[in-house]
Amino acid sequence: VAEDFVSKNGCFVSLYDIESNIPIIKEGGGQFVTLSGGEPTLHPDFVDITKLLKGNDFGGVCVLTNFSNPKVLLESSENLTFVRISLGLKKNKGMIRKINEFAGKSSCPVRVQVLLTTVEGGFNSIDDIKWLRHQLSDNVTIACSSLRLSNDFCLKYNTDEDYWMDKGELSITNRYIITLEDGTQIVLRN
């Protein structure tokens with residue numbers, strides 16, 4: 001997790017330290033590894049970390065990224081099960097174009113994470129999600145999240161969860177699945 005990716009003195013955890021913890025993760029039943037942050041692609045050994053994890057037969061390795069380092073992501077994509085890119089609070093056609101270009105070159109699937117908020121110019125309605133679906137390449141999937149009412153930021157930007165829940169059906173995994181007219185299914189995580 002983010003707190004453990006950087007050591008107490010502000011330096012990145014070494015590749016050796018990560019490697020030495022793999023047996024502990026496996027003994028604890030760990031099967032899928034998610035690299036998150038901060039921004040994990042800023043780690044100087046990021047590509048080597050993904051190779052190391054892939055070579056240790058985990059069921060999957062993914063990265064959660066703000067897409068600030070697409071070159072490193074592309075270099076490591078063959079080691080990843082998927083890449084999840086956070087699109088941020090607002091619609092950004094320039095970022096969407098870059099994501100589409102990346103998805104066309106990547107060796108692994110790409111998922112865009114959208115934060116449902118009340119921010120003007122953001123993703124406030126089902127029409128905004130439809131707009132995004134039409135902007136993204138067909139090989140890029142969409143995942144949505146809503147903010148919980150846990151702090152001032154969330155209170156300010158939270159969208160009406162009832163609106164989104166009414167648009168979908170509750171799944172057995174306790175998430176809401178919203179199906180667009182073209183059959184695209186959007187998972188609402190909250």
Side-chain angles (χ1 to χ4, degrees), residues 1-8 11-88 99 102-116 129 136-148 150 161 164-165 168-179 183-190:
V1 296
E3 297 81 29
D4 297 331
F5 206 60
V6 176
S7 68
K8 303 293 182 225
C11 297
F12 287 106
V13 173
S14 72
L15 185 60
Y16 172 79
D17 287 338
I18 293 170
E19 185 173 20
S20 64
N21 279 291
I22 289 175
I24 297 167
I25 295 168
K26 290 194 161 235
E27 288 169 14
Q31 298 175 17
F32 195 98
V33 177
T34 300
L35 301 171
S36 64
E39 176 51 42
T41 61
L42 296 179
H43 194 291
D45 296 321
F46 182 77
V47 175
D48 290 333
I49 291 168
T50 63
K51 286 179 187 174
L52 173 69
L53 293 171
K54 181 181 181 184
N56 274 277
D57 297 323
F58 284 103
V61 179
C62 81
V63 61
L64 309 180
T65 177
N66 63 22
F67 204 57
S68 60
N69 203 344
K71 182 180 176 187
V72 168
L73 277 174
L74 193 57
E75 192 176 338
S76 61
S77 67
E78 66 187 30
N79 305 317
L80 298 169
T81 307
F82 69 89
V83 171
R84 188 164 76 195
I85 301 169
S86 176
L87 195 55
I99 291 169
F102 173 79
K105 298 174 185 174
S106 176
S107 316
C108 68
V110 177
R111 184 177 301 162
V112 170
Q113 181 74 32
V114 175
L115 188 58
L116 305 173
I129 301 302
L136 290 169
S137 300
D138 289 342
N139 61 340
V140 177
T141 59
I142 301 171
C144 298
S145 293
S146 63
L147 293 167
R148 293 183 181 269
S150 59
E161 289 191 2
W164 291 98
M165 291 175 185
E169 294 182 27
L170 188 61
S171 72
I172 59 171
T173 59
N174 206 24
R175 295 181 179 185
Y176 282 84
I177 309 296
I178 301 167
T179 305
T184 299
Q185 291 192 322
I186 309 294
V187 177
L188 174 60
R189 302 165 35 144
N190 58 7

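You'll find the side chain of D45 stays beyond 4.5 Å of the side chain of F12, heavy atoms only. Counting only heavy atoms from C-beta outward, the side chains of I129 and L116 approach each other to under 4.5 Å. I99 places a side-chain heavy atom less than 4.5 Å from the side chain of L87. Within the 4.5 Å cutoff, the side chain of Q113 has no heavy atoms near those of the L64 side chain. Using a 4.5 Å heavy-atom cutoff, the side chains of F46 and N69 are not in contact.
No more than 12 heavy-atom neighbours from other residues, nucleotides or ligands sit within 6.0 angstrom of OH on Y16.
Not counting sequence neighbours, the partners of N79 by the side chain to side chain contact (heavy atoms under 4.5 Å, CB included) test are T50, K51, K54, S76. By the side chain to side chain contact (heavy atoms under 4.5 Å, CB included) test, S77 pairs with L74, S106, S107, C108, sequence neighbours left out. For K26, the side chain to side chain contact (heavy atoms under 4.5 Å, CB included) partners are I22, N56, D57, F58, not counting sequence neighbours.
Annotation: the span from T65 atom OG1 to L80 atom CG amounts to 10.5 Å, rounded to 0.5 Å. Expressed to the nearest 0.5 Å, how far OG of S68 lies from CD1 of I85 amounts to 10.5 Å. L15 contributes atom CG, which lies 6.0 Å from atom CG of D48 (distance to the nearest 0.5 angstrom). Summarising the geometry, atom CG belonging to L73 is positioned 12.5 Å from atom NZ belonging to K71; distances are rounded to the nearest 0.5 Å. The distance from the CZ atom of F82 to the OG1 atom of T34 is 6.0 Å, given to the nearest 0.5 Å. Summarising the geometry, atom OG1 belonging to T141 is positioned 5.0 Å from atom CZ belonging to R111; distances are rounded to the nearest 0.5 Å.
Formation of a donor-acceptor pair under 3.5 Å by the E19 side chain with backbone atoms of L52 is not found in this model.
Between A103 and V140, the shortest heavy-atom contact is CB-CG2, 3.5 Å. Between F32 and C62, the closest heavy-atom pair is CE2-SG, 3.8 Å.
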